K.L.:
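Dumping the structure here so I can ask a few things about it.
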2 protein chains.
Amino acid sequence: MAVTMNDVARAAGVSLKTVSNVINNYEFIRPATKQRVLDAIDELGYETNLTARSLRSGKTSMLGLVLADLSIPYYAELASDIMKAALSRGYRVLVEQSGNEAEHEKAVLQGQFRSLTDGLLFIPLAIDAEQIIAAAGRKPLVLLGEFVQDPRLDMVLIQNKEAAAAVTAHLLAGGRRRIAVLGAHDGDTTGSNGLRLEGYKAALAAAGMAYDPALVIPCDWRRDGGADATARLLDSGVEFDAVFGLNDALALGAMHELLLRGRKVPEEIAVAGFDDLDESRFASPSLTTVAPGRAEIAERAVELLIQRIESKDAVPTVQRPEAAFELRVRQSAP
Amino acid sequence: MAVTMNDVARAAGVSLKTVSNVINNYEFIRPATKQRVLDAIDELGYETNLTARSLRSGKTSMLGLVLADLSIPYYAELASDIMKAALSRGYRVLVEQSGNEAEHEKAVLQGQFRSLTDGLLFIPLAIDAEQIIAAAGRKPLVLLGEFVQDPRLDMVLIQNKEAAAAVTAHLLAGGRRRIAVLGAHDGDTTGSNGLRLEGYKAALAAAGMAYDPALVIPCDWRRDGGADATARLLDSGVEFDAVFGLNDALALGAMHELLLRGRKVPEEIAVAGFDDLDESRFASPSLTTVAPGRAEIAERAVELLIQRIESKDAVPTVQRPEAAFELRVRQSAP
DNA sequence: GGCCACATCTGCAACGATGTACCCAGCCCG
DNA sequence: CGGGCTGGGTACATCGTTGCAGATGTGGCC
C-alpha cells in the first residue's frame, strides 16, 4: 500500500541502500544521484516508516511521560513544556496518565509502555523509591518533582523548601501572623508536601514565630480539596489571617470558599499558592504565588533524560539540577 | 539485550511460533504447553516488543491527537478524556501540539507523525477543509470541534449554535439587554466563533432584540485576549450590561478585567462563558457557562475513529454525532 | 604501468514479531 | 483398514528499515 524505499529505489534507478543513505545524509553520494533520489521521493510521496526504523535501530525517539492526569493544569502546562523541549531535540513524547494509582504507576514502569519509548520521565505520586527501583527496567528513567528522593535515581528537583519559605516570609512581611497551610499533614517531612511544609516552618522560625499544628490542614491537591479544607478550617473556629495553599489549585479553591463566605481577600485573609498557573494570574483577586521555574525544569529533565539515553556509559551518576524559583506577588497577598 | 520470543521459546522447549500463539491467545494449545510458555515468560521477564509487532502487523494501536497546545485548559481536559476513551478500547494516544500554525497543521497531516498512528483526531484551527483534504493521507481522520465543516470529512460536532443561544437566552432572561460578545468578528458565520455568534444572534432575534455589531469584539481565545477585549470595550464607552465570552478563558479574562476596574459582577455586568472548564466552577464569582459534553465528544470521536480504522469498507460515509450540551448557571450570571 | 586510496554505490543479513502453509498424530467413520 | 478430519505444533517468509562488508571505478603517485 504505502510507498517504501524499494519503490523509491526502483524509480530513481539506484539500490535500496542508496536511498537509505540519502535519507540519512550519508556523506559520499554524488549530488546528481542524491537529486535523483530526492526527486523520486518527492514524486512518489515517500515517507519513512518510523516503526521499521525503530525496530532496526532499537530506538523509538520517543520519551514517555507519566503523570497523574492532564486535566490537572499544573501537569498539563508541564507536559506542554516537556513536549516542546523534547521536540526541539528530535524526540516525541508519549503521555500516560497514572490516575495517581500505585498499581498503574508500577505497571507503567515495566509494562509494554517502556518498549515504545527510549526513556521515561516520571512524576511518582503513589509509589516510593524502593518500589520504583524494583519495578523499573533497564531503560533510562528521570524523576520529576520531589515526592521521591533516592541517590540511586536520576531526578530533577524543584526548590520546594526554599520557595515555600519565600512565600511564607512574604506573608509574614505583610503582617500576617496566623498562616494556615493547606495540603499537608502536620508530621510530613518528605515529598513536595513535606518539603513545602518544612519551608513554611523554617520561615516561621526565622521570623521567631511559633508553629501551630492546628493551622495545617491535610487535603487533596485540587481546587475542591482546598475549598473543603477551608470550609473545615472556618467551621473549626481556629483563627487565621492568611492561607498558604501548597499548590495553586488549593489556594484557588480556598479563595473561592473564603469569598463565598463573605471573607475579604486580602483585607481579612491573604491567600498565596505555589506553581504560578496561568489561571492564577487571572483569578479575582489575582493570586500571589511562586513560579517554580517550570520551563527550566522541563528543559533540564528532557536534557538529562536524553543524555542518559544517548550516552554510552551505563553508570548511573546522580545528578540533581536545582531549578530557580520566582515569587509572584499579586492582589491576593500584596 | 532484551528478552525476545526466541529466548522464551528455547526456555520453554517449544517453537517461537508457539510462544507467539500463547501470547495472542490462540485457541488450540494444550494447557500444559501454555503453562510452560507462561512460566518461561515470567521467569525471563519477557515483554512483547510493540515496535516489532507494529511493523509486522501494520498497526500501531496508537491514535494521533493534534491540538493547539496542552497548556490551554480546554484542550488539556479534552485530551485527558480522549486518552481515557482510547485506553479503554486498547489504543494509546500520541499528542502533537500544532501551536495553531497552518504549516505545522499541514505537516502533521502528512508527515512521519502519521506513520506512528493508525488514525488521527484533529482539531483544525489554522487550515480549512480544502487544505486538509489535500494534505491528508489515506489513513482515517476524524475532525473535532467545528472550525471546519465538509461533507467529505468525518467529524464530531458540538452544538455550538444551540448552546450559545441557550447562554444568550439565559442572560436575556436575567434582564440583560446589552450583551457584549468576545471572540468573534461581526461577519463570522463559520467555525466555532461564527456558529456561536450565530447562536447569539438567533437568541436575540427570538427575544425580539436588535443586534448591535458594536458589541462584538474580536480577540484571541485566551484569558489575556478576553481581558484586553474587555479593556477596549470599557474604554470605548459602549454601554453593556453583560459579557458573553465565546469560551471560558475569554469570560474569565473579561471577569478579571471588570473586577480590576471595580465593576461589580454580576450586579452591574453579568458574565457567561462556553466550555465549563474545571476552573470556572471555582472562579470568584463562579462562572455561568455551558458544558458542551466534552466526555461524550471524546467518546464519540474515539469510537468513530476506531471504527474507521477497524472497518474493512474504505467508503468514507459522513457521520455527524451531535453531543448534548448543558447550561451551568452560577454566580456570574444567575 | 601498477598500486593504493578513496569516493561511491551495492547486497545481504538482521531487528522481533506474525501469517501462511504445512506436518504429524490420533480418532472417527464407513 | 484406509481416508478424512481435527487438534496441536512447527518452519519459513515477511513487514521496511539500517549496519556491515564488500564491489566498483577513478585519480594520483612513484
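All figures in this text were calculated on a predicted structure; none of them were measured in a lab.
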K.L.:
Salt bridge check, A:R10 against A:D7: does any charged N sit closer than 4.0 Å to a carboxylate O?
P.N.:
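A salt bridge links A:D7 with A:R10.
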
K.L.:
Is there a side-chain polar atom (N or O) of A:T4 under 4.0 Å from OP1 or OP2 of D:dG16?
P.N.:
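Checking D:dG16 against A:T4, no side-chain N or O comes under 4.0 Å of OP1 or OP2.
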
K.L.:
Expressed in angstrom and rounded to an integer, what is the separation of A:Y26 atom OH from D:dG19 atom C1'?
P.N.:
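In whole Å, D:dG19 C1' and A:Y26 OH are 12 Å from each other.
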
K.L.:
Please report, rounded to the nearest Å, how far the P atom of C:dA14 is from the NZ atom of A:K59.
P.N.:
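Rounding to the nearest Å, NZ of A:K59 and P of C:dA14 are 24 Å apart.
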
K.L.:
Could you report the tightest heavy-atom contact between A:L305 and A:P140, atom names first, then the distance?
P.N.:
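What the structure gives for the nearest pair is CD1-CB, 3.7 Å.
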
K.L.:
Please give, in whole Å, the distance from C:dC15 P to A:N49 CG?
P.N.:
18 Å

K.L.:
List the residues meeting side chain to side chain donor-acceptor pair (under 3.5 Å) with A:E43, not counting sequence neighbours, and say none if there are none.
P.N.:
none

K.L.:
Tell me the interatomic distance from B:Q112, atom CD, to D:dG16, atom C1', rounded to whole angstroms.
P.N.:
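Rounded to whole Å, this separation is 14 Å.
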
K.L.:
Hey, does A:T33 reach any base, or is it just sugar-phosphate, or nothing, if we go heavy atoms under 4.0 Å?
P.N.:
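Answer is sugar-phosphate: A:T33 comes under 4.0 Å of backbone atoms only.
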
K.L.:
Taking only N/O atoms, report every protein-nucleotides 18-22 of chain C pair under 3.5 Å with atom names and distance.
P.N.:
from	atom 1	to	atom 2	distance (Å)
C:dT18	OP1	B:N24	OD1	3.4
C:dT18	OP1	B:N24	ND2	3.3
C:dT18	OP1	B:R53	NE	3.0
C:dT18	OP1	B:R53	NH2	3.3
C:dT18	OP2	B:S20	OG	2.8
C:dT18	OP2	B:N24	ND2	3.2
C:dT18	O2	B:R56	NH1	2.5
C:dG19	N7	B:K17	NZ	2.9

K.L.:
Restricting to side chain to side chain donor-acceptor pair (under 3.5 Å), what partner residues turn up for A:E101, sequence neighbours left out?
P.N.:
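So A:E101 forms no side chain to side chain donor-acceptor pair (under 3.5 Å) with any residue.
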
K.L.:
What is the distance from CZ of A:F28 to C1' of D:dG22, rounded to the nearest Å?
P.N.:
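For the pair A:F28 CZ and D:dG22 C1', the rounded distance is 16 Å.
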
K.L.:
Five pairs at each end of the helix from C:dG1-D:dC30 to C:dG30-D:dC1: take the axis at both ends and give me the angle between them to 10°.
P.N.:
60°

K.L.:
Would you mind reading off the distance between B:I41 atom CD1 and C:dA17 atom P, rounded to a whole angstrom?
P.N.:
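Rounding to the nearest Å, CD1 of B:I41 and P of C:dA17 are 10 Å apart.
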
K.L.:
Which donor-acceptor pairs under 3.5 Å do side chains of residues 22-34 of chain A form with protein atoms, sequence neighbours excluded?
P.N.:
from	atom 1	to	atom 2	distance (Å)
A:N24	ND2	A:S20	O	2.8
A:N24	ND2	A:S20	OG	3.4

K.L.:
State plainly whether the residues A:E47 and B:R114 are in salt-bridge range, i.e. N to O under 4.0 Å.
P.N.:
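Looking at A:E47 and B:R114, the cut-off is not met.
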
K.L.:
DNA chain D: B:L55 or B:P31, which has the more 5' nearest nucleotide?
P.N.:
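Its nucleotide being nearer the 5' end, the pick is B:P31.
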
K.L.:
Under 4.0 Å between a side-chain N/O of B:S15 and OP1 or OP2 of D:dG9, yes or no?
P.N.:
no

K.L.:
When the distance from NZ of B:K34 to C1' of D:dG7 is rounded to whole Å, what number comes out?
P.N.:
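Rounded to the whole Å, the gap is 15 Å.
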
K.L.:
Answer yes when B:R308 and B:D154 have at least one side-chain N-carboxylate O distance shorter than 4.0 Å, and no when they do not.
P.N.:
yes

K.L.:
Which pair of heavy atoms, one from A:S115 and one from B:T51, lies closest together, and at what distance?
P.N.:
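The answer is O-OG1, 3.9 Å.
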
K.L.:
List for me each residue that meets side chain to side chain donor-acceptor pair (under 3.5 Å) alongside A:S80, sequence neighbours excluded, and say none if there are none.
P.N.:
A:K84, B:D69, B:Q97

K.L.:
Distance check needed: C:dA17 P versus B:L50 CG, whole Å only.
P.N.:
9 Å

